[in-house]
Amino acid sequence: MTTQELEQLLAQQPIALLHRLARGRVQRHFRAGKRRLIEVLLRHSAENRPGFESDLMTLIGEQQARPSPPPPPQTPAARKPKPSAPQRRTTHRPVEPESHEPAITLSSWLEGLGVPPTKAFIPDAWQEDAIEKLRKGDVVVSVPTGSGKTYVAVEAARRAIAENRTVIYTSPLKALSNTKYTEFSKIFGPDQVGILTGDRRDNGQAPLLIMTTEILRNLLYDAGGGEIDVRLDTLGLVILDESQYIADPERGVVWEETIIFCPSQARMLLLSASIGNPHDIAEWITSIRPTPCHLVRHTTRTVPLRAGYLHPNGKLTPLFRTVGIPHGHPSYLHTEAKRLFIQYEDETLPSRSRR
Amino acid sequence: MPPSIHPIDLILALRDKHLTPAIVFLTSRRACDEAMQAFDHSQILLPPPRQRAIADVLDKVIAQYPSIAEHPLIPTVQRIGVAAHHAGHLPSWKIAVEELMRHGCLDAVFATTTLAAGVDFPARTVIITQSSIRKSRDFMDLTIGEVQQIAGRAGRRGKDLVGFAIVTPSPYIDLNVLTKGFTGHPEAINSQFVISYPMVLNLLKAHPLDQIQPILAKSFAQFQLNQRAEVLERKLDDLRDQMEPYGPRVCTDWITEWQTFDHVRRQKSHRAPVRRHEPPEVAARFHFLTPGRVVAFGRTRGVVLRQYRSKGQKSPMITALRLGGGITESPASTVTEVSDRVLDCVDAPVYPWCTPESVEELLHHLEELPGRLPELPILIPKDDEPIPDAIVQTLGDFACPTCPSRSACQRDYPVASKLRQEQHRHVKSIQALRTSLWHRFQEKIDVLQQFGYLTPTAHLTEDGEWARLIRIDHSLLITELLRAEAFNGADPAMLAAVMSSIAHDDDRPGAFPRVSSGLASLLGQVRKLAASLSPHEDPPLLRADIAAVTERWIGDPGLTWIGLCKSTTMAEGDIYRLLARTLEFLSQLHTLKATHPGLADTASRAIANLRRGVLEELP
């Protein structure tokens with residue numbers, strides 16, 4: 001048997017068999033992955049090739065003689081396993097306790113794909129909740145990306161404008177500010193929306209002002225220094241979009257300054273993507289501002305998400321065993337996706353190590 | 001098999017399963033550009049009506065932003081319905097791509113992960129090809145929050161019933177990072193409160209010094225520090241409970257009392273022979289095992305060449321020359337007899353520890369010695385000497401030796417002192433947590449006072465009054481440059497060039513046009529000043545090539561955007577961002593009209609020259 005043949009033979013064997021083979025030969029073999037294990041075994045076999053090969057053969061013989069799949073509890077062990085390759089493959093993988101639940105098929109995973117019928121827009125409960133709570137105090141909204149934070153911002157701004165209050169909307173990036181400027185101009189009408197950036201000022205007297213957070217911070221500083229630059233006395237609402245930026249290493253401090261110096265008569269609405277500790281933010285704002293700060297948190301996405309796996313050969317499979325995302329169970333992988341990914345690693349890694 | 005799926009196969013697979021439109025996140029700008037190139041000659045064309053729809057949308061955008069009319073990607077976008085979108089593109093191109101996506105015209109956009117954080121345009125499907133992103137020169141695994149932000153782009157509200165996040169492997173992908181990201185709970189975020197010079201100046205402008213601490217206490221940073229302090233305080237309470245049995249004894253502070261007493265006692269005992277775990281006779285003999293001493297090891301006889309203590313050996317060691325010429329290392333305990341005879345021997349610092357001649361001589365003498373030698377009378381001290389009275393007397397200031405609770409104190413001291421140390425440590429760290437922000441603030445005040453922006457009473461000086469208006473990175477360097485009048489007589493191009501080299505913080509390489517000699521010498525000055533300020537403020541990169549790009553754009557009003565792009569290898573988007581940042585810096589200088597009219601004027605002329613062509617298109 002040439003080394004190459006031996007390597008192929010080893011690669012075909014289940015990892016458990018390799019570990020049995022490595023026992024007594026390789027130290028700490030349980031730490032090694034399959035690829036590494038094969039490498040080490042091959043290196044080791046150079047010393048006593050015949051002994052190694054005969055051990056391997058006995059182990060393979062045992063493997064085939066033994067009914068290889070651990071009989072599932074529902075069906076008695078009477079069924080005889082076929083020694084066909086794909087079936088052998090599935091049996092080596094550690095059997096997880098949940099696996100009796102059959103994995104979903106691609107068609108059921110793709111089911112539901114499509115365009116929903118157009119219907120009148122009904123705000124979600126959390127959106128109503130956020131707007132309602134803004135009457136009583138500041139609000140921190142932490143919801144997944146794409147859940148419709150903008151709706152909350154627009155509604156809140158609409159109400160404040162109706163009460164003749166100025167609204168300031170800030171975003172972390174100039175590009176985002178510009179997008180929002182066009183978006184809000186369409187919603188409220190161009191005369192109602194203004195934009196302030198470092199060097200440009202359009203419609204600065206409009207009731208809804210869009211700016212980057214830095215600009216607002218500067219305005220607040222100037223107000224603190226006695227020079228009032230914008231109508232801060234009529235300021236009714238400050239909306240800080242993407243406020244998870246408070247954790248940005250370079251610019252996070254700007255959000256803190258803005259929140260600290262925000263005039264107390266204005267309400268604050270912080271819109272943030274899902275973060276781990278939104279209650280900390282809410283608690284903090286409560287502790288430094290006159291009105292309590294409410295947290296509106298929502299974790300399920302409006303449009304449900306599904307995860308898939310696309311193999312480089314173009315084969316698509318679900319990534320997880322369930323249709324949706326199995327929250328809290330990162331190892332509920334779909335068997336097919338897992339097999340394909342292992343195959344991918346098997347095929348790409350050795351070629352790299354040989355180079 | 002290819003290491004990752006080919007873009008054409010990817011698009012075909014997505015079209016086949018009706019998973020378009022999709023955003024394909026790739027590792028780098030280059031990967032996006034290469035993916036676009038792959039479609040150059042492909043024939044997977046869109047049906048003509050859709051091609052026309054794309055052309056319509058593009059026409060509208062081009063009417064608004066003429067700079068992209070000649071964009072090299074337009075043919076591919078129209079034929080295939082795919083586009084690239086990354087930071088190397090002009091904002092107007094990105095707007096065009098976003099517009100196309102919003103109209104649902106495209107099948108796929110190849111983008112870098114910066115998109116995930118920036119502009120929002122969702123798609124039905126998101127393709128993830130990586131599990132790590134480049135953050136300040138290092139590749140870091142995606143955090144759960146980042147994976148969810150990327151995956152969050154999948155599924156358009158009102159246009160899709162479900163969204164799909166599809167992983168397709170490429171080299172270096174770690175599936176675990178992604179599956180954890182999909183199924184996990186996002187990480188907690190932490191405050192990144194940095195105290196900057198403009199912040200100090202602006203705060204002191206509005207509030208007197210004694211009001212600053214309460215303001216800092218309102219920060220999220222302090223809120224989180226307090227949270228940590230509270231954890232420590234709870235631990236401190238636990239410690240207090242544990243300290244209960246070690247409360248006041250005969251003396252109230254018995255731990256300190258015992259500690260000092262023990263310390264003094266130990267110092268005294270230094271004079272006593274060092275106690276080792278060796279029998280007293282060995283210890284006593286060891287002093288006499290000096291070079292030249294004749295000793296016996298059982299039946300053989302030898303001469304000691306040196307003695308030493310080795311960390312690896314429990315007992316002291318000697319090197320001996322044995323009868324017969326062997327030189328051996330053996331523990332002192334193997335010596336059975338110490339004779340009163342000492343032979344002459346000349347020491348040497350290395351093996352055999354004496355000169356070769358003296359080895360010969362010693363061997364000779366050794367052989368000549370009589371069979372029996374008188375033994376050295378060595379007094380062997382008895383074990384466990386009591387503490388001599390003399391010591392007790394000098395320790396007379398302490399009550400401990402005669403105190404009734406002495407044995408209890410001695411027994412409890414190790415535990416109690418450990419607990420107390422821990423207590424002290426916690427108290428100190430709580431203090432540090434509560435006051436660290438304030439200390440950091442004071443450090444900045446010290447620097448500003450040193451440079452004369454603040455009076456000793458922490459009020460703004462004349463210079464401080466204008467310096468607080470410079471609220472950008474590297475503000476100290478800029479204000480110091482202004483005070484050194486470095487820009488006196490500088491033309492708008494030079495001023496803008498220096499500002500851009502201060503503003504630019506990216507180290508992507510770029511080939512560059514030549515720098516004018518005036519600018520080169522000015523940059524040299526700026527570099528020198530930046531280096532001298534480096535203890536107080538991190539110096540900027542101050543790249544000459546960056547300065548040269550800006551200088552050309554502002555100094556030569558006839559230069560077209562295309563011409564500028566051709567003079568450097570920087571990507572269009574990077575040049576745009578550089579000039580936009582320079583604009584921001586210049587407009588900060590422009591706010592100094594009142595105190596630096598000349599400079600403000602130069603800055604406004606530079607701004608006017610800068611805002612043309614592509615830079616005029618966008619707000």
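Letters A, B, ... mirror the listed sequences (proteins, then strands); counts begin at 1. On a predicted model such as this, the values are computed, not experimentally measured, just so you know.
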Which bit of Lys159(B) is near chain A, if near means a heavy-atom gap under 4.5 Å: side chain, backbone, both or neither?
backbone

Quick one: closest heavy-atom pair of Arg157(B) and Asp124(A), and the distance?
NH1-OD2, 3.6 Å

Relative to the ring of Phe261(A), is the ring of His207(B) parallel (under 30°), tilted (30 to 60°) or perpendicular (over 60°)?
parallel

Measure the CG-CG distance between Leu14(B) and Leu310(A) for me, rounded to the nearest 0.5 Å.
7.0 Å

Region of Arg124(B) in contact with chain A, defined by heavy-atom distances below 4.5 Å
side chain

Rounded distance [0.5 Å steps], CD in Glu257(A) versus CG in Asn202(B)
8.5 Å

How about Gln222(B) and Ile288(A): do any of their side-chain heavy atoms sit closer than 4.5 Å?
no

Should Val253(A) and Met199(B) count as side-chain neighbours, where that means a heavy-atom distance under 4.5 Å?
yes

Are the side chains of Arg153(B) and Thr145(A) in contact, using a 4.5 Å heavy-atom criterion?
yes

When you compare the side chain of Phe341(A) with that of Pro169(B), does any pair of heavy atoms fall below 4.5 Å?
yes

Show your working on side chain to side chain contact (heavy atoms under 4.5 Å, CB included) between Glu111(A) and Leu161(B) and close with a plain yes or no.
CA-CA 10 Å; Glu111(A) 205 171 296; Leu161(B) 287 167; over 6 Å; no

Inspect the surroundings of CG in Asp174(B) and state if more than 12 heavy atoms from other residues, nucleotides or ligands are less than 6.0 Å away.
yes

What part of Trp109(A) gets closer than 4.5 Å to chain B, counting heavy atoms only: side chain, backbone, both or neither?
both

Phe220(B) side chain near Ile260(A) side chain, heavy-atom distance below 4.5 Å
no

Which atoms of Leu178(B) approach chain A - backbone, side chain, both or neither, heavy atom under 4.5 Å:
neither

What residue in Gly324(A), Gly252(A), Pro304(A), Ala273(A) has the most heavy-atom pairs under 4.5 Å with chain B?
Pro304(A)

Within this structure, what is the NE2-CG distance for the pair His18(B) and Leu110(A), rounded to the nearest 0.5 Å?
9.5 Å

With chain B, which of Glu283(A), Glu250(A), Glu214(A) has the greatest number of heavy-atom pairs at distances under 4.5 Å?
Glu283(A)

The reported gap from CD1 in Ile189(B) to OH in Tyr245(A) (rounded to nearest 0.5 angstrom) is 12.5 Å

Name the option with the most non-hydrogen atom pairs under 4.5 Å to chain B; the candidates are Pro144(A), Pro249(A), Ser171(A).
Pro249(A)

Let's test your reading of the structure: which of Gly114(A), Ser274(A), Gly112(A) forms the most heavy-atom pairs below 4.5 Å with chain B?
Gly114(A)

Could you pull out the closest heavy-atom pair between Ile5(B) and Pro312(A), with the gap in Å?
CG1-O, 3.6 Å

Asp16(B), Leu10(B), Leu175(B), Asp9(B): which one forms the most heavy-atom pairs within less than 4.5 Å of chain A?
Leu175(B)

Quick check for you: among Val194(B), Leu12(B), Leu586(B), which has the greatest number of heavy-atom pairs under 4.5 Å with chain A?
Val194(B)

Which of these, Leu316(A), Leu305(A), Leu113(A), sits in a side-chain contact (heavy atoms from CB on, under 4.5 Å) with Phe164(B)?
Leu113(A)

Could you measure the distance from the CD1 atom of Ile281(A) to the OG atom of Ser191(B)? Nearest 0.5 Å is fine.
9.0 Å

Any non-hydrogen side-chain atom of Gln192(B) less than 4.5 Å from a side-chain atom of Asp248(A)?
no

Residue pair Lys17(B) / Leu106(A), side-chain heavy-atom distance below 4.5 Å
yes

Rounded to the nearest 0.5 Å, the CD atom of Glu584(B) sits from the CD1 atom of Ile215(A) at a distance of 7.0 Å

If only atom types and distance count, is the side chain of Thr168(B) paired as donor or acceptor with the main-chain N or O of His311(A) below 3.5 Å?
no

Return the option, out of Ser196(B), Ala154(B), Ala217(B), Gly184(B), with the maximum number of heavy-atom pairs under 4.5 Å with chain A.
Ala154(B)

Salt bridge or not for Arg251(A) and Asp473(B), using N-O below 4.0 Å?
no

Interface moiety of Leu319(A) toward chain B, non-hydrogen atoms closer than 4.5 Å
side chain

Whatever's closer than 4.5 Å to a heavy atom in chain B on His327(A) counts as both

Residues Arg471(B) and Asp222(A) bridged, charged N to O under 4.0 Å:
yes

Return the option, out of Thr125(B), Ile195(B), Leu203(B), with the maximum number of heavy-atom pairs under 4.5 Å with chain A.
Leu203(B)

Between Arg301(A) and chain B, which part of the residue has a heavy atom less than 4.5 Å away: side chain, backbone, both or neither?
side chain

Leading residue by heavy atom contact count with chain A [cutoff under 4.5 Å; candidates Lys180(B), Gln227(B), Gln148(B)]
Gln227(B)

Are any non-hydrogen side-chain atoms of Val323(A) and Val162(B) less than 4.5 angstrom apart?
no

So which heavy atom on Ser219(B) is nearest to which on Glu256(A), and how close?
CB-OE1, 3.4 Å

When every non-hydrogen atom of Phe223(B) is compared with those of Ser287(A), the smallest separation belongs to CD1-OG, 4.2 Å

Below 4.5 Å from any heavy atom of chain B, which atoms of Ser147(A) appear? Answer side chain, backbone, both or neither.
backbone

When Val126(B), Asn190(B), Ile127(B) are compared by non-hydrogen pairs under 4.5 Å with chain A, the top option
Asn190(B)

Against chain B, label Pro326(A) side chain, backbone, both or neither, depending on which of its atoms sit under 4.5 Å from a heavy atom there.
both

